[in-house]
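Chain letters run A, B, ... following the sequence lines, proteins first and then strands; every chain starts at 1. Atom set for the values below is all heavy atoms of this structure, side chains included, hydrogens, waters and symmetry mates excluded.
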Amino acid sequence: MEQTSTVLETPVSAPTLSFKGKGSELFGIQIVNIALMLVTLGLYYPWAKAKNLQYIYRKTELAGSPFTFHGTGKEMFIGFIKGMGIFIALYGVLIYGSLHIETDPGLYFICLGIFFAGLSALVPLAIHGMMRYRTSRTSWRGIHMGYRGTLGAMYKVFLKNLFFTVITLGFYTPWFTANLRKEIFGHLRFGNARFSYEGEGTELFMINIKGYFLSIFTLGIYSFWWAKDLIKFYIDNILIEQDGKYSRLDSSLTGMQYLKLALGNMFIMVFTLGLGYSWVVTRTLAVLINNCEIIGEFNPDALAQTEEEYKNATFEDMADMMDIGII
Amino acid sequence: MFEGKYYNGRTSKGMPAFIILEPHYIRINWQTDSDNGTEVWHLSEMHKTEFNDATTVLEYGTFPRQSIAVFEQGFQQALEHKYKGATFLKSGYSSFAKTGVKGLLIGGLGLLLVAVALFFWGVPALAEQVAAHFPKEYEHAMGEKLYEQMLEGYTVDSAKTVALQKYLDALEVKSDFPIRATVVENEAVNAFAMPGGFILVHDALLDKMEHHEELAGLLGHEIGHVQMRHSTKAMARSLSHYMLLSVLFGDVSGVAAVIVDNASSMYSLEYSRKAETASDKAGLALLAQNNLNPKGMVWLMERLNSNEPEFLKFISTHPRTADRIDELNMLIEESKYKTAPNPALETAWEELKGE
């Protein structure tokens, strides 16, 4: 075997990102998922979700190697049941209140208050739980990601920013978004590589002001460029530190590409009566991921395993139900 | 023997490796500049592998997992050939994917059919179920709004309404809701029962009646609709898609608003034959409870069955009147009871007829 070793030597892999998923393949998975969910009256959902994620991760490549999602339906099922329980209870309160809206408006507002208070108290818990679980279940070439944030810190950031957002009647929202991402990415690990988020609320605020007014002046056409700016704000500000060297994610997405993507997706959904959803997912991921690259000295061959094994899927589905999409 | 990369689960450095498929395990000979080694992977500890393409990825063992990636096309086939039936190769999803375009088309069409069935049958059925479980106060409040909405298109005959209410008060009625009846001016021979105990009677129908037992029968019939929530259920059924939209947009309280906003749909509500029969029975029961002549129901039907044109509208939304009369006569034969005069009802009736 001596003579073959030189043939097998490869140079350091370039850290390119790519998405290789196909709509038809995902559709095949979704058909099985939906059929099984119908038969089980929806209880199959966690398994369906695991399978979806497994496919999507498997088709996302860094330096030519795919990511792996290790989560299982069984793990997520427990979280699904707990999450459903909490949601049913909260919605029960809301429905109870709205049934009495005529006879007892006071009771209705109390129920509404409980519902929203419960919901906002759940959000940090859901983000934290989801990050812990999702990252621990994500690996690449066997190296796991990890989330080291604490629940206390998450609550502190969330409630503080929520408070400012409420007293400024929503004007603080961009800072809220940026600070939340700083908290999340600041505790994200990929083996021995650490992430951080550099985006500032002011920058996001300016993007929104510009986007809002230009969209009005252009009768909505600029909204695609606005969306592109937002995506770039979310992606380009992600920094990776590895052995003291810094790299940055960079999206080369253009407004025109986003316009084609958004309009195309809309047509697919309308003309297939929603059955084309799988193609919408793969198209979107392909545009986002294939336009994304890592700029800097990131060495994908030099990652080392650092994270402990972690098992708890309680909030994976809760985040899902609240429609919190972070990564 | 296949060429690939071996990852040991401790670093991301891919080590060039040769993979040999032995009968009961996989052998991996890896080599780096400074080191080399051999791994033996038992089939039982291999993790499920799915969705492979040009690259086949296999994972092994407990945390942190080792893995190999093989870029040769033939590797997947060789695995399936060599380890036929092994757990790590089993995948329902991959089996389905192998059915190709045909499977996708059939599966997709099947789902489309299910979606259509759910939309046209499931959603209305679900809405009806939900409506049947509205709390009483909620249904009453909703009915009241609906009733106010309906009255906007009519002129109320207040004198007759007072008399009708007096008649109603003199009747012994069993109902979950307080019953409120209103007489409005309209030439169509018609009456409506709204959710929560609100009944609307056109004066033309009252004019046609000759015996007060007919009125008692009519009220019993309409109260039957109310009690069995026929109108609530039928409205929920016909408006189910609007209700679904309001729930989807997070407005749970909008369910009642949808019904109230569509008060005009009361006119075109069609009750099933079963619902009409059940309400006819309720009418008979009311007559029996008040010791009134059960023939009142039959007379009421005969009014509806005469050939005058304005009746057509009423008849068309009801099951065939002749059948209903036959059924009523049968029921009357089955349970005979002694009738007794009721002066309070007769007084109210005379007042109503303006005599």
Side-chain angles (χ1 to χ4, degrees), chain A residues 1-2 4-5 7-10 13 20-22 24-25 27-36 38 51 54-55 58-59 61 63-66 68 70 91 94-95 97-103 108 139-144 191-192 272-275 299-305 307-309, chain B residues 3 5 7-18 29 31-33 36 47-48 50-55 57 59 62-67 69 71 92-93 96-97 99-101 103-104 107-108 110-112 114-116 118 134-135 137-138 140-142 144-145 251-256:
Chain A
M1 243 175 276
E2 287 294 296
T4 51
S5 62
V7 181
L8 290 173
E9 269 320 317
T10 43
S13 348
K20 300 268 173 72
K22 293 195 186 90
S24 56
E25 289 173 353
F27 185 58
I29 294 167
Q30 305 273 35
I31 286 180
V32 180
N33 280 345
I34 295 171
L36 288 173
L38 281 174
K51 204 50 83 175
Q54 281 162 12
Y55 176 79
R58 174 64 181 78
K59 298 297 168 185
E61 295 185 354
S65 298
T68 308
H70 300 277
Y91 265 99
L94 183 69
I95 290 171
S98 55
L99 289 179
H100 292 82
I101 192 164
E102 301 291 338
T103 47
Y108 171 69
S139 77
W140 178 80
R141 291 186 182 176
I143 306 297
H144 282 254
N192 60 336
T272 62
L273 303 173
L275 279 180
N299 180 357
D301 291 337
L303 291 169
Q305 191 80 275
E307 300 308 301
E308 301 281 327
E309 196 172 12
Chain B
E3 285 178 18
K5 286 276 175 70
Y7 303 97
N8 61 13
R10 292 187 298 277
T11 78
S12 61
K13 178 82 184 152
M15 303 167 192
F18 287 105
N29 295 326
Q31 186 161 35
T32 63
D33 295 340
N36 67 69
H47 295 280
K48 182 181 272 196
E50 276 180 304
F51 315 132
N52 286 312
D53 34 48
T55 310
V57 177
E59 290 187 317
T62 49
F63 183 90
R65 294 178 185 178
Q66 308 166 51
S67 59
F71 310 102
Y93 287 85
F96 182 74
T99 59
V101 180
L104 287 187
L111 281 187
L112 196 66
V114 171
V116 168
L118 274 181
F134 280 159
E137 310 87 69
Y138 182 72
H140 182 77
M142 187 180 82
E144 192 166 18
K145 276 192 175 168
D251 184 10
V252 181
S253 57
V255 169

Exercise. Check whether V101(B) gets within reach of chain A through its side chain, its backbone, both or neither, counting any heavy atom under 4.5 Å.
Key: neither
Practice problem: Answer with side chain, backbone, both or neither: which region of I143(A) has an atom nearer than 4.5 Å to a non-hydrogen atom of chain B? | Solution: side chain
Quiz item: So do Y7(B) and S65(A) actually touch side chain to side chain, heavy atoms under 4.5 Å?
Solution: yes
Self-check item: Contacting moiety of L275(A), where chain B heavy atoms sit under 4.5 Å
Solution: side chain
Exercise. With a 4.5 Å cut-off on heavy-atom pairs, point out which of G110(B), G108(B), S67(B) contacts chain A the most.
Key: G108(B)
Quiz item: What residue in M15(B), K145(B), R65(B) has the most heavy-atom pairs under 4.5 Å with chain A?
Solution: R65(B)
Quiz item: G21(A), G97(A), G142(A), G28(A): which one forms the most heavy-atom pairs within less than 4.5 Å of chain B?
Solution: G28(A)
Exercise. Below 4.5 Å from any heavy atom of chain A, which atoms of E59(B) appear? Answer side chain, backbone, both or neither.
Key: side chain
Quiz item: Can you say whether N52(B) sits under 4.5 Å from chain A via the side chain, the backbone, both, or neither, judging by heavy atoms?
Solution: both
Quiz item: Which of the residues Q305(A), Q30(A), Q54(A) is involved in the greatest number of heavy-atom pairs with chain B at under 4.5 angstrom?
Solution: Q305(A)
Exercise. Would you mind checking which part of A69(B) comes under 4.5 Å of any heavy atom in chain A, side chain (CB onward), backbone (N, CA, C, O), both or neither?
Key: neither
Exercise. Answer whether the closest heavy-atom distance between the side chains of T55(B) and R58(A) falls below 4.5 Å.
Key: yes
Practice problem: Please name the pair of heavy atoms, one in F51(B) and one in I29(A), separated by the smallest distance, quoted to 0.1 Å. | Solution: CE2-CD1, 3.4 Å
Quiz item: Which heavy atom in S12(B) sits nearest to a heavy atom in W140(A), and how many Å separate them?
Solution: CB-CZ3, 3.9 Å
Quiz item: Side chain, backbone, both or neither: which part of L111(B) has a heavy atom under 4.5 Å from chain A?
Solution: side chain
Practice problem: State, with a plain yes or no, whether a side-chain heavy atom of H70(A) is found less than 4.5 Å away from one of H47(B). | Solution: no
Quiz item: So what's closer than 4.5 Å to chain A heavy atoms on D53(B): side chain, backbone, both or neither?
Solution: both
Self-check item: chain A contact via P135(B) - which portion, at a heavy-atom distance below 4.5 Å
Solution: side chain
Quiz prompt | Under 4.5 Å from any heavy atom of chain B - which part of K59(A) | solution = side chain
Quiz item: Relative to chain B, which segment of S24(A) carries a heavy atom at a distance below 4.5 Å: side chain, backbone, both, or neither?
Solution: both
Quiz item: Contact part of E25(A) toward chain B, heavy-atom cut-off under 4.5 Å: side chain, backbone, both or neither?
Solution: neither
